[in-house]
2 protein chains.
Amino acid sequence: MIKIFTEWERPLAACRLFAGVNGEELKVMLECLNPAVRSYRKDEYLSVQGDDLYGLGVLLEGEAMVVKENAAGERVIMAVLGAGDIFGETAAFSRAGKWPASVVAQGDCKAFFLPPHKITGNCQRQCPSHRRLITNMLRIVSDKALALNKKVEYLTIRSMRGKISAFLLEQYEKQGSATFILPLKRNEMAEFLNVARPSLSREMCRMRDEGIIDFHQSTIKIKDLEALKSMIE
Amino acid sequence: MIKIFTEWERPLAACRLFAGVNGEELKVMLECLNPAVRSYRKDEYLSVQGDDLYGLGVLLEGEAMVVKENAAGERVIMAVLGAGDIFGETAAFSRAGKWPASVVAQGDCKAFFLPPHKITGNCQRQCPSHRRLITNMLRIVSDKALALNKKVEYLTIRSMRGKISAFLLEQYEKQGSATFILPLKRNEMAEFLNVARPSLSREMCRMRDEGIIDFHQSTIKIKDLEALKSMIE
DNA sequence: GTCTCTTGGTAACCCCGGTTACCGCTTTAT
DNA sequence: ATAAAGCGGTAACCGGGGTTACCAAGAGAC
């Protein structure tokens, strides 16, 4: 499968699963792993929540969204994936053999899937970096768990102001400026925070009227940082 | 550290970190890992949210609670630990070097901590089972992530009836009988579901009045399973 | 025994935020 | 260019559930 290596060298090099593995070794390992690349169109499902999971997913091209549907049928955005990102990593190595969430293509996508035993098992050729895969996975899954922890933090905030403030503060810290672009549209942001879209609009406008923030479309400006921080309580 | 092995053989054998490692090998590995055992009294903190994390925790004796405090100061119960359970596993192998939650002793406890490099690094003695530790960790952390996913599912249910129903149904499935004992007191259950305690009482009583459930203290009986299931929506 | 602490049921109040519906603006398709 | 779809602000309505406060029943402690 040298084709995979040459055609998607960049996303693979960026993939955290292969972190610390140099080009030549990566080529050897890919032959060893021998994954099958599949193509998807916009809005097509790379995986469906509840379906049997036979391997860890690696996104080579395009953008996809991890979406969780709860018992009430409400959709909650879990993550947005880009080229080189992996998905299904939590379920692949645990007891449950089902997809805990769905992955939907946001545009045309290409991806491949790796059965977990290809990562944890000893490969016949004894690739020197094979062991590296396991420790990489350990780190990836740990980070994932930590991100979920963060998600729980958001969800346990009871008031909407609190959620909005926590979200804006995180974006502010991530982007480093008091004026920044929201990475999500209103309905996506509402979905992420698990609130109703009109309620979100209403509350954000109130906060604007009170002089705490200012915004225009996706451009947002924090005017009163301290007030924002105190909102979380 | 043979003392550790002989004194806590049972909890260590039950510990998922050492799953698949037989007694003799375990003894050798413990000498290699050389952990320091620490004691705690009831209500003492084994770890404090936000503090620097220097290692993965292993509970040898007693019972402890993993508690997360959000920005609003509300406490949310994340898990209850028993002898042989580990904690801090998510944070230990990720980038963040801080405890994402606190661990509080529910009674007198004993525990030890293992720096992550002792698990992922090559040990000088080349213990045959050392590699096993890493794959065990991978599975443990994956399960953890999946459990957090479950937690997120609870939290994304908007109505209180839905939360109560989901919780009772899970207990019902776990305990296998329509009549069972709730593992949490009312205030703990309220904390777990992230709702106010009086509101929980009120709603449970309504459900009783409607003939869906019946209860007395911690003993609860599901009278109308179908009705309960339909509540989640 | 009585005192105190914990646990859990109850009721009144009222606010936050979900629901619905509508409208104007922007983007994309044909 | 015009239609169609998506996005986001606004307003009225009202109910779920948070808050507070009080009380009753157990559970230890002494």
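So you know, we letter chains A, B, ... as the sequences are listed, proteins then strands, and number each from 1.
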Which distance, rounded to the nearest 0.5 Å, do you find between the CD of B:Q171 and the CE of B:M189? 8.5 Å

Just how far is it from atom SG of B:C109 to atom CZ of B:R38, taken to the nearest 0.5 Å? 13.0 Å

Can you measure [X] atom [atom1] to [N] atom [atom2] for me and round it to whole angstrom units?
X      : N      : atom1 : atom2 : value
B:M189 : C:dT7  : CE    : C1'   : 15 Å
A:R158 : C:dG18 : CZ    : P     : 15 Å
A:M160 : D:dG17 : CE    : C1'   : 16 Å
A:R206 : D:dT10 : CZ    : C1'   : 11 Å
B:I157 : D:dG16 : CD1   : C1'   : 16 Å
A:R161 : C:dG17 : CZ    : P     : 9 Å
A:E191 : D:dG6  : CD    : C1'   : 15 Å
A:L184 : D:dC7  : CG    : P     : 12 Å

Considering non-hydrogen atoms only, spot the tightest contact between B:N194 and B:L155 and give its length. CB-CD2, 3.8 Å

Axis-to-axis angle between the two ends of the helix from C:dG1-D:dC30 to C:dT30-D:dA1 (five base pairs per end, rounded to 10 degrees): 50°

If the condition is side-chain contact (heavy atoms from CB on, under 4.5 Å), which residues does [X] pass it with, not counting sequence neighbours?
X      : value
A:R161 : A:S159, A:E203, A:R206, A:M207, A:E210, A:I212, A:M231
B:K42  : B:D108
A:L114 : A:L17, A:L33, A:P35, A:F112, A:I119

B:F113 ring center near B:F87 ring center (under 6.0 Å): yes

Strictly by ring-ring contact (aromatic ring centres under 6.0 Å, His included), give each pair with a member in residues 143-176 of chain A just once, sequence neighbours left out. A:Y154-A:F192, A:F167-A:F192

Please produce a list of atom pairs where a protein N or O lies less than 3.5 Å from an N or O of nucleotides 9-13 of chain C.
{"from": "C:dG9", "atom 1": "OP1", "to": "B:R186", "atom 2": "NH2", "distance (Å)": "3.3"}
{"from": "C:dG9", "atom 1": "OP2", "to": "B:R186", "atom 2": "NE", "distance (Å)": "3.2"}
{"from": "C:dG9", "atom 1": "OP2", "to": "B:S201", "atom 2": "OG", "distance (Å)": "2.7"}
{"from": "C:dG9", "atom 1": "N7", "to": "B:R197", "atom 2": "NH1", "distance (Å)": "2.9"}
{"from": "C:dG9", "atom 1": "O6", "to": "B:R197", "atom 2": "NH2", "distance (Å)": "3.3"}

Quick one: do B:K144 and B:T90 satisfy side-chain hydrogen bond (donor to acceptor under 3.5 Å, both in side chains)? Show the steps, please. CA-CA 8 Å; B:K144 178 86 177 188; B:T90 70; 6.0 Å; no

Which nucleotide sits closest to the side chain of A:S159: C:dG8, D:dT19, C:dG17? C:dG17

